[in-house]
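This report concerns only the one structure given below.
Atoms within each ligand, like the ligands themselves, are counted from 1 in listed order.
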Amino acid sequence: MTTSSSNRHSVDPQTLRQLYIDGAWSAPVHPATLPVVNPATEEIVAEVASGSAEDVDRAVAAARAAFAGWSATPVDARVVILGKIHELILERKEALAQALSLEMGAAISFARAMQVPLAAEHVRVARDVLATYRFQNVENGTAIQREPIGVCGLITPWNWPLYQITAKVAPAIAAGCTVVLKPSELSPLSALLFAQLVHDAGLPAGVFNLVNGSGAEVGAAMAAHPDIDMISITGSNRAGALVAQAAAPTVKRVTQELGGKSPNLLLPDADFAAAVPPGVMSAFRNVGQSCSAPTRMIVPRNRLAQVEALAAETANAIIVGDPQSQATVLGPIANEAQFNRVQTMIEAGLSEGAKLVCGGPGRAPGFDRGFYTRPTVFSQVDSSMRIAQEEIFGPVLCIIPYDTVDEAVAIANDTVYGLGAHVQGQDLELARSVALRIRSGQVLLNYPAWNPMAPFGGYKRSGNGREYGIHGFEEYLEIKAIVGFG
Ligand code: NAD
């Protein structure tokens, strides 16, 4: 790997190797850095600070000191600051989109249209929820008081870097908590821009702190920290379980948003020509690197040939290319480890005997470097195959045939995960009844518009707790009953 001379991110070079603690940028206790690799070129484009457990201590101390003041700050004042953060995200959207594109390969049009605006939405929603939230209800002489839980440790992944950050930071600070954020070490540039933006919005010192670094060092220190009251992690099941283990001795609250293997169940009365193409595009959105991507398309056996043809036509028309090109739909996979994992899973699909409809192993045509992957569709997939059971987190779709609706529901539920699900069908009554039988945190009927108020989170091994909207906000609150309140 070589170091690129033309860095497109606009992170202040002074802050790249620093942490944001107690309202100011400062060097880590032990000077160390981690490289940031552009997955389109495989070049190192930046070196960021790699913090340590001592830096976590400093950040937690700042967050603890700020908690009394921030939690007592009137709602109106908190609403104003959240509004300012929202405004600054929109004002700086181009810089944020460029940083995201550089750090994880998002197609620039996708970063501009989705990654940044949806991240801003979490801030707007948190502001609006806070503005009307009733923190106290008195019933039969007992007051039910909701209070911020305290200092929160927030750990985020690389696939939707800014969106995952705002989904945690915004409700946490809206609720009156103070936070220590550890973004993914693989995509820390947008997080640095976000820290500067929060500073410029006038958030008091210590309310928001950023410690870049590895999961094994910084993340683990946060999970075990005796003065952190709650950890919220979005990431792999491996990391989610390690965090819960490390957090257990201090009995802190742990919320986990983890993996998924979401079904897209096409009922026999679905309009297949209308339902298959958006199903393929949803599975491949963000190069398939979305935890709730509907990667198992469950279809009537007698429609299999039609579905395969529609899926192939859709997948073959996708432009895979340089994330900087406006025409690009899918950039590269975000990092080398993930690229290798996706390749392994495509090979597994072939060796298990699934039918390759399009795509396949190797880099996308025309590329000899960069983690460009071929949009791949497998059909005649059996639910017991690895590609039907394991999260791939790349542009790989499995088409699984069924004979009866009961069998289709059983296939949809034949997974350790339970994050998202889709159901397509013209008879809404039937679609609703099928939705009720699927064990997952969200079910989307007939591709509705994204709803930032809809709670998001997992059944089974997809996690614990909910994010977004009022439910996400309430994760950061404790409940106090004052009996004899009058
Ligand atoms: P990852 O688990 O490797 O990393 C996620 C975060 O956890 C990173 O910040 C990492 O540094 C940190 N981490 C790693 N080990 C840790 C440890 N021992 N202690 C504390 N923190 C640790 O995951 P990833 O590869 O960045 O993200 C991909 C995964 O995230 C996929 O499995 C995907 O499904 C999942 N994901 C889930 C959601 C959701 O909302 N459910 C959203 C996005 C991604």
Run the numbers for me: atoms of ligand 1, each under 4.0 Å from some heavy atom of A220, listed by number.
19 (N), 20 (C)
G463 heavy atom under 4.0 Å from ligand 1
no
Specify the protein heavy atom at minimum distance from atom 28 (C) of ligand 1: its residue, its atom name, and the distance to 0.1 Å.
F393 CE2, 3.6 Å
Among I392, V243, N335, L258, closest by any non-hydrogen atom to atom 41 (N) of ligand 1:
L258
Which atoms from ligand 1 have a heavy atom of R238 less than 4.0 Å away?
14 (C), 15 (N)
4.5 Å side-chain heavy-atom contact, C398 and I387:
yes
Ligand 1 and W158, any nitrogen or oxygen pair closer than 3.5 angstrom?
yes
Is the shortest N/O to N/O distance between T234 and ligand 1 below 3.5 Å?
no
Modelled atom types, side-chain donor and acceptor of Y163 and E121, under 3.5 Å:
no
Is ligand 1 under 4.0 Å from a heavy atom in the side chain of E467, in the backbone, in both, or in neither?
neither
Are F393 and W158 near enough that their ring centres are under 6.0 Å apart?
yes
Can you find an N or O of C291 that's nearer than 3.5 Å to an N or O of ligand 1?
no
Compare S292, G457, S236 and give the one whose heavy atom is closest to atom 1 (P) of ligand 1.
S236
Would you say N237 and ligand 1 have an N/O pair spaced under 3.5 Å apart?
no
Evaluate E390 against R341 for salt bridge (Lys or Arg N to Asp or Glu O under 4.0 Å), listing each step before the verdict.
CA-CA 11 Å; E390 295 180 27; R341 158 110 188 127; 3.4 Å; yes
Proximity flag W160 to ligand 1, non-hydrogen atoms under 4.0 Å
no
Check whether any side-chain heavy atom of Q98 sits under 4.5 Å from a side-chain heavy atom of R112, and report yes or no.
yes
Do T314 and M281 touch side chain to side chain, with heavy atoms closer than 4.5 Å?
yes
Numbered in order shown, the ligand 1 atoms found under 4.0 Å of a heavy atom of P157 are 26 (O), 27 (O), 43 (C), 44 (C)
Hey, does R296 have a side-chain heavy atom less than 4.5 Å from the side chain of T415?
yes
State, with a plain yes or no, whether a side-chain heavy atom of M222 is found less than 4.5 Å away from one of I231.
yes
Any N/O of S214 closer than 3.5 Å to an N/O of ligand 1?
no
Can you find an N/O atom of Q164 closer than 3.5 Å to an N/O atom of ligand 1?
no
Can you tell me which portion of N159 lies within the under-4.0 Å heavy-atom range of ligand 1? Options are side chain, backbone, both, or neither.
side chain
Short N or O distance, I233 and ligand 1, threshold 3.5 Å exclusive
no
The atoms of ligand 1 lying under 4.0 Å from a heavy atom of T156, numbered in the order shown, are 6 (C), 8 (C), 9 (O)
Below a 4.0 angstrom heavy-atom separation, can you tell me which part of E185, side chain or backbone, both or neither, approaches ligand 1?
side chain
Pair H122-W450, ring-ring contact (aromatic ring centres under 6.0 Å, His included): steps then yes or no:
CA-CA 12 Å; H122 288 313; W450 181 65; 5.8 Å; yes
Check contact between A223 and ligand 1, using heavy atoms of the residue and a distance below 4.0 angstrom.
no
Proximity winner for atom 35 (C) of ligand 1, if only heavy atoms of G235, G213, A244, G259 are counted
G235
Check step by step if salt bridge (Lys or Arg N to Asp or Glu O under 4.0 Å) holds for D55 and K182.
CA-CA 11 Å; D55 296 308; K182 192 209 89 63; over 6 Å; no
So, F208 versus F194, ring centres under 6.0 angstrom or not?
yes
With heavy-atom distances below 4.5 Å as the criterion, would you say the side chains of S292 and F456 are in contact?
yes
Apply salt bridge (Lys or Arg N to Asp or Glu O under 4.0 Å) to D227 and R64, showing your working.
CA-CA 8 Å; D227 211 20; R64 176 57 61 196; 3.1 Å; yes
Looking only at N/O atoms, are L242 and ligand 1 under 3.5 Å apart anywhere?
no
Suppose we screen for side-chain contact (heavy atoms from CB on, under 4.5 Å). Which residues come up paired with T234, at least two apart in sequence or across chains?
P157, Q164, K168, E257, E467
Indicate whether any N or O donor in one side chain lies under 3.5 Å from an N or O acceptor in the other, for K460 and S462.
no
Element-labelled atoms of ligand 1 that are located less than 4.0 Å from some non-hydrogen atom of G215:
11 (O), 12 (C), 13 (N), 14 (C), 15 (N), 16 (C), 17 (C), 19 (N), 20 (C), 21 (N), 22 (C)
By number and element, which atoms of ligand 1 are closer than 4.0 Å to a non-hydrogen atom of S184?
9 (O)
Are any of the protein's heavy atoms under 4.0 angstrom from atom 4 (O) of ligand 1, yes or no?
no
Check: A239 main-chain N/O paired with S236 side-chain donor or acceptor under 3.5 Å:
yes
Atoms of ligand 1 under 4.0 Å from any heavy atom of F456, numbered from 1 in the order shown, are 40 (O)
Atom 20 (C) of ligand 1: the protein heavy-atom neighbour that sits closest, reported with distance to 0.1 Å:
G219 C, 3.2 Å
Among non-hydrogen protein atoms, atom 12 (C) of ligand 1 lies closest to I155 CG2, 3.6 Å
If we ignore angles and hydrogens, is there a donor and acceptor under 3.5 Å between the side chains of S190 and E103?
yes
At a 4.0 Å threshold, what atoms of ligand 1 neighbour a non-hydrogen atom of L419?
41 (N)
What is the closest protein heavy atom to atom 40 (O) of ligand 1, and at what distance does it sit?
E257 CB, 3.2 Å
Ligand 1 and E391, any nitrogen or oxygen pair closer than 3.5 angstrom?
yes
Distance-only polar pair, side chains of N464 and T255, donor-acceptor under 3.5 Å:
no
